[in-house]
Student: 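So that we are looking at the same thing, I have put the structure below in structure tokens.
Numbered from 1 within each chain, the chains take letters A, B, ... in sequence-line order.
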2 protein chains.
Amino acid sequence: MGGGPRFEPVRAVRAYERVVEQVEEAIEGGDLTPGQHLPSERELMVQFSVSRSTIREALRVLQARGLVRSRPGDPNGAEVLPFSPATLHKSMTTLARVAELSLAELVQFRMVLDSAAILLAARLRTEEQLREICEAVEALRAAAEEDPRGFGAADVAVHDAVARASGNKLIQICTDVVRSIVVKLVAERIADDPDRRALMRRSIRHHEEVLAALRAGDGPLAARLLRKAMYDYYADYVDESERSALRALLE
Amino acid sequence: MGGGPRFEPVRAVRAYERVVEQVEEAIEGGDLTPGQHLPSERELMVQFSVSRSTIREALRVLQARGLVRSRPGDPNGAEVLPFSPATLHKSMTTLARVAELSLAELVQFRMVLDSAAILLAARLRTEEQLREICEAVEALRAAAEEDPRGFGAADVAVHDAVARASGNKLIQICTDVVRSIVVKLVAERIADDPDRRALMRRSIRHHEEVLAALRAGDGPLAARLLRKAMYDYYADYVDESERSALRALLE
DNA sequence: ATGCATTTGTTCGTATGTATC
DNA sequence: AGATACATACGAACAAATGCA
């Protein structure tokens, strides 16, 4: 074994990828901030000394990753976008389809993340955040009586307020992404439920119980109640064989 | 307000996007399964009646989403890939950078997901899975004594075995993604630690305690021990101001 | 409000290196 | 080893869209 230089295997890297890498580094490194614009495609092909097709392929990839957006005719060039969980949402949605995630797995994930959020909220919330949550629950109650169509949106608002109060952006984003996937999956079935008003009433009661525990500062209780509420809400739509996995979180 | 037709706002949709959509539907709908190949670019430009560049931009987007891969000269055309969490990993990594996720938030997320995984594993594991976990812990112990460089990989193997035993693919994937991000963030700092062997010994002890609780079927205890262990492992690398958020999970 | 110059979206043609039969 | 078909990359061109004077 000679002590010569250790060569690493090289992979052929496409021209457009090197363009993507450089732009990506500039954005993640803060040299390009949201709202700023990249040079025009023709300018970029000079700077990178590649053809326009290569530049365009690179821009498509950057766009698919949610980092930039280009509009036809814009003399300013592609715009650097502020972060949005859109690509995370997209990849998790395809994950749900392609990896064949069951509804049970998604609901279970929600039970884990949302109960963690409320546990943290119970312990770390500010007064301001508590007020926001209370108002959201109040709006939920109003929606149930006056505007049943807005019930879903009001419910989202409650959970989002709780997630924000958890103080963890990653939890907030992931709860949001998974919730929207779950909601989409069961939307029709819930809309078809003949006893929708009863479902809403029970949901309101559950929210109020959880809120009471949250105000009392009893995080574990709030988390347990939330998991139970979520189980009751979704159990009917989950295959019997998978319900036991959900019940494993109810202790 | 006339009751006329409700028009929806239209957005100009690019040609390459329509190509992407159709291919995406074919894959998610199961018409194209992993291992199969798309027609060649020249064939695709006939089928979609668009130019070569448009096809190529569409393929770049599909590649960025991890759905296909194309190699130069491949007579079979682009290959449809089996699902991999690579794109989820990518988007979460950029999320961590661009959304400025702190190490504390990432570690907190791990504490939530990994403790949920072990709670579920304690209740739903099969004998086979328990054996795999035990073997992984055994390998960890061996690595600590014989091959310290392999300690990290052995640790990953333990956590992955637990995540698999949870029975939830989404939990498994997300723990994997977030773990690799966290590990990358603290890798240098841990490698520089003068007392690495002591860290490993403590880690081993923690793993054994958690494993004991797991064998005893005490999920909540195992979860609590795991959170504590993870806190002890990472607390030093987290800003003092954010440690309280982590402690909120220790009850 | 109207052109005008510039940019993107898209097309077509061509050259080159590569993988498979 | 050669032929064939392929992906990669380049360059020129036109239409539609945009921003600005």
Side-chain angles (χ1 to χ4, degrees), chain A residues 9-24 26-27 32 34-82 86, chain B residues 7-24 26-27 32 34-82 86:
Chain A
V10 293
R11 61 186 171 88
V13 58
R14 321 273 199 276
Y16 80 92
E17 277 206 64
R18 313 197 64 155
V19 176
V20 168
E21 283 175 13
Q22 289 197 43
V23 176
E24 220 166 23
I27 293 177
L32 283 169
Q36 282 190 315
H37 289 263
L38 267 57
S40 74
E41 293 181 358
R42 286 175 177 80
E43 175 66 27
L44 286 174
M45 66 186 262
V46 175
Q47 292 192 22
F48 288 102
S49 68
V50 293
S51 76
R52 194 150 93 96
S53 310
T54 301
I55 291 294
R56 286 185 58 77
E57 289 178 25
L59 288 177
R60 290 294 83 83
V61 173
L62 289 168
Q63 184 157 344
R65 294 191 184 162
L67 295 175
V68 306
R69 173 188 54 181
S70 45
R71 297 178 310 161
D74 190 340
N76 295 319
E79 180 187 2
V80 178
L81 294 177
Chain B
F7 296 122
E8 291 183 0
V10 292
R11 61 186 172 88
V13 57
R14 323 273 198 274
Y16 79 89
E17 276 202 66
R18 313 196 65 155
V19 175
V20 168
E21 283 175 13
Q22 289 197 43
V23 177
E24 219 167 24
I27 293 177
L32 283 169
Q36 281 191 314
H37 289 263
L38 268 58
S40 73
E41 293 183 359
R42 289 172 178 80
E43 176 65 28
L44 287 174
M45 68 186 258
V46 175
Q47 292 193 22
F48 288 103
S49 68
V50 292
S51 78
R52 189 83 185 280
S53 308
T54 301
I55 291 294
R56 287 183 61 76
E57 290 178 25
L59 288 178
R60 290 291 87 85
V61 172
L62 289 168
Q63 184 157 340
R65 293 190 185 162
L67 295 175
V68 306
R69 174 188 57 178
S70 45
R71 296 176 311 165
D74 190 339
N76 296 319
E79 180 186 1
V80 178
L81 294 177

Student: Where do A:Val68 and A:Leu59 come nearest, in terms of heavy atoms and distance?
Tutor: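 Closest heavy-atom pair between A:Val68 and A:Leu59: CG2-O, 4.2 Å.
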Student: Figure out the CZ/C1' separation between A:Arg14 and D:dA7, and round it to whole Å.
Tutor: 8 Å
Student: Using whole Å, what does the distance between atom C1' of nucleotide D:dT8 and atom CD of B:Glu57 come to?
Tutor: 14 Å
Student: Which atom pair, heavy atoms only, marks the closest approach of A:Pro72 to B:Arg14?
Tutor: CD-NH2, 3.5 Å
Student: Taking only side-chain nitrogens and oxygens of A:Thr54, does any of them come within less than 4.0 Å of OP1 or OP2 of D:dC10?
Tutor: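 So the side chain of A:Thr54 is within the cut-off, an N or O lying under 4.0 Å from OP1 or OP2 of D:dC10.
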Student: Do the non-hydrogen side-chain atoms of A:His37 and A:Asp74 ever get within less than 4.5 Å of each other?
Tutor: yes
Student: Is it true that B:Glu24 and B:Arg65 have a side-chain N and a carboxylate O under 4.0 angstrom from each other?
Tutor: yes
Student: Take the protein atom CZ of A:Phe48 and the nucleotide atom C1' of D:dC10, then report the distance between them rounded to whole Å.
Tutor: 17 Å
Student: In whole angstroms, how far is the P atom of D:dA5 from the CG atom of B:Leu44?
Tutor: 17 Å
Student: Nearest to the side chain of B:Ser51 - D:dA9, C:dC12, C:dG9?
Tutor: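 Looking only at heavy atoms from C-beta outward on B:Ser51, the closest nucleotide is C:dC12.
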Student: Need one value for B:Glu41: base, sugar-phosphate or nothing, where a base atom within 4.0 Å counts as base even if backbone is also close, heavy atoms only.
Tutor: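 Base contact - B:Glu41 has a heavy atom under 4.0 Å of at least one base atom.
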Student: Output yes when at least one side-chain N/O atom of B:Arg56 is less than 4.0 Å from OP1 or OP2 of D:dT8, else no.
Tutor: yes
Student: Atom CG of A:Leu38 to atom P of C:dT7: distance rounded to whole Å?
Tutor: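 To the nearest whole Å, that distance equals 14 Å.
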Student: Would you indicate whether the side-chain heavy atoms of B:Leu67 and B:Val80 approach each other to under 4.5 Å?
Tutor: no
Student: Only one of B:Arg69, B:Gln36, B:Arg71 forms a side chain to side chain contact (heavy atoms under 4.5 Å, CB included) with B:Glu79, so which one is it?
Tutor: B:Arg69
Student: For each nucleotide in nucleotides 14-21 of chain C, reading 5' to 3', give B when a protein heavy atom comes within less than 4.0 Å of its base, S when such contact involves only the sugar-phosphate, and - otherwise.
Tutor: ----BSS-
Student: Check every strand shown and say whether A:Ser53 touches a base, only sugar-phosphate, or nothing at a heavy-atom separation below 4.0 Å.
Tutor: base
Student: Of all residues at least two apart in sequence or in a different chain, which pass the side-chain hydrogen bond (donor to acceptor under 3.5 Å, both in side chains) check with B:Arg18?
Tutor: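 B:Arg18 satisfies side-chain hydrogen bond (donor to acceptor under 3.5 Å, both in side chains) with no other residue.
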Student: Just the rounded figure in Å: distance from C1' of C:dG9 to OH of B:Tyr16.
Tutor: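 Nearest whole value for this atom pair: 10 Å.
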Student: In whole angstroms, how far is the C1' atom of D:dT8 from the CD atom of B:Gln63?
Tutor: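 Going from B:Gln63 (CD) to D:dT8 (C1'), I get 12 Å.
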Student: Which part of the nucleic acid does B:Arg60 contact within heavy-atom distance under 4.0 Å: base, sugar-phosphate only, or nothing?
Tutor: sugar-phosphate
Student: Rounded to the Å, how far apart are A:Met45 CE and D:dG11 C1'?
Tutor: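 Nearest whole value for this atom pair: 7 Å.
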